[in-house]
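Worksheet: the structure to be examined is printed underneath.
As the structure is a computational prediction, the values presented were derived from the model and not from experiment. We name chains A, B, ... by the order of the sequence lines, and we start the count at 1 in each one.
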Number of protein chains: 2
Amino acid sequence: MPDMGRWEPNARGRLERAALELYIERGYERTSVAEIAERAGLTERTFFRHYADKREVLFGGSSALQELLVGTVARAPEPATPMEAVAAALEAAAAVLQERQEHARRRQAVIAANAELQERELIKLASLSAALADALRQRGVDDSSASLAAEAGIAVFKIAFRRWTEQAEQKDLSQFIGESFAGLKAVTAGT
Amino acid sequence: MPDMGRWEPNARGRLERAALELYIERGYERTSVAEIAERAGLTERTFFRHYADKREVLFGGSSALQELLVGTVARAPEPATPMEAVAAALEAAAAVLQERQEHARRRQAVIAANAELQERELIKLASLSAALADALRQRGVDDSSASLAAEAGIAVFKIAFRRWTEQAEQKDLSQFIGESFAGLKAVTAGT
DNA sequence: CAGCTGATGTCAGCAACTGTCATCGGGTAC
DNA sequence: GTACCCGATGACAGTTGCTGACATCAGCTG
């Protein structure tokens, strides 16, 4: 791809695509930022203007996901319990992810192969949890319940998402989330 | 501390102590590995022989904690439910941490001030969760329940631990864990 | 006392990331 | 239409985390 020109549009999109391709082709560790930038028709310095580090380029969508979760909790009907509001938010996220399933699988395979990327994913999930808890408090839920419902919801999501990406069949993420919620309820009931 | 000599004992202990001191004094980011090594009477290269990276030096005790959790789950009485086994494990961990409370507080303040360290802590907690789930499966718990009980337990621990380190009074970590378990049960019940 | 072994020191080097300044393209004012 | 302005990019030097390769040293073993 010679000479993309300095002002080609969608620099971020090109960087994200180039990075995912290279991480799949040669692995995360054996890919240098200079290579990503080159494939995107940009320089290394410009990469770091768009993304704080080499990991972040795989998580461009996480802020949108966070907004979706927070918005769904905020707009949950009044009588909903904290866990119901969280469940609704996860269902909304599941619907979005269900679309780009193949992209999600590829991306997850890259993350599963590298510890640094797993760390970044975990802190993104922690950020989602914190945002969910905030949204719940906004609804008048007490501090402790808000944190617990948010953490429990994210735990459910983690497990459901893993099963979804690892499955051979074609069950919906939404189903896995439902099953995991039921499992959590069962496991916490008899304590 | 001039000329510690090449063969002073307890190199790891000296490195951990020096690192924590410097992270407190000047912050994690403004501390170089060379400085840590110097204060410990060693070289930078030797630091990296003991710890994989600059973060890991703060997490030397995590493998012992993991063994404690796994061992407690394994030795839990036969009729214990998954969550009861997990709760017993967390209580055992709490007893250990309750001892070095001041050290835990200092350490946590450093971690709270830096995102890289938070990432590392999160992956350590994820590792604890995976180990707990394994120990539960060893007891015959089904896959899904094992993962869910482990994740829920770690979520409870995270929240209890945070409250414990932030409190002004002197309530025991064990109490916070009990309260958080009760809160989780309440929040998951009415879904 | 000679040799072996494991821990440490020394040195060179790569890649991630940052600060600084120059440069360019596209829009705006007049 | 020309001059100007501004945000995005390039160019380049520098720091630091981290690694590989080889030398060196203390203590043990025979």
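Between A:H50 and the phosphate of D:dT9, there is a side-chain N or O to OP1/OP2 separation shorter than 4.0 Å. For the pair A:T46 and D:dT9, the criterion of a side-chain N or O lying under 4.0 Å from OP1 or OP2 is not met.
Within the 4.0 angstrom heavy-atom criterion, only backbone atoms of the sugar-phosphate kind lie near A:R55; the bases stay farther away. Nucleic acid contact class of B:R30 (heavy atoms, under 4.0 Å, all strands): none. Across all strands, B:A34 comes closer than 4.0 Å to no nucleic acid atom at all (heavy-atom distances).
Atom pair A:E116:CD and D:dG17:C1' shows a separation of 11 Å (rounding to whole Å applied). Rounded to whole Å, atom P of C:dA7 lies 12 Å from atom CZ of B:R12. One interatomic measurement links the two molecules: CZ of A:R14 to C1' of D:dT9, which rounds to 11 Å at whole-angstrom precision. D:dT19 atom P lies 11 Å from atom CZ of B:F47, rounded to whole Å. Here the P atom of nucleotide C:dC17 and the CD atom of A:E35 are 15 Å apart, to the nearest Å. Following rounding to the nearest Å, A:F48 (CZ) and D:dA13 (P) show an atom-to-atom distance of 18 Å. Nucleotide D:dG17 holds its P atom 17 Å from the OH atom of B:Y51, rounded to whole Å. Put simply, CG on B:L42 is 17 Å from P on D:dC18, counting in whole angstrom units.
With B:D53 contributing its side chain and B:E56 its backbone, the two residues share a donor-acceptor pair below 3.5 Å. Looking only at distances, no side-chain donor or acceptor of B:S127 sits under 3.5 Å from a matching main-chain atom of B:I123.
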Does the pair B:V156 and B:K185 meet the rule for a side-chain contact (heavy atoms from CB on, under 4.5 Å), with working shown? CA-CA 10 Å; B:V156 160; B:K185 191 176 175 182; over 6 Å; no
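Side chains of A:Y28 and A:R55: a donor-acceptor N/O pair is present below 3.5 angstrom, by distance only. Of the N and O atoms on the side chains of A:E166 and A:Q108, not one donor lies less than 3.5 Å from an acceptor on the other residue.
For B:R45, counting side-chain heavy atoms from C-beta on, the closest listed nucleotide (C:dC11, C:dA16, D:dT9) is C:dC11. Distances were taken from every side-chain heavy atom of B:V33 (C-beta onward) to each of D:dG17, C:dC17, C:dT8; the shortest belongs to D:dG17. For A:E44, the listed nucleotide lying nearest its side chain is C:dC17; candidates were D:dT9, C:dC17, D:dC18.
Below the 3.5 angstrom threshold, one finds no donor paired with an acceptor across the side chain of B:R49 and the base of C:dG6.
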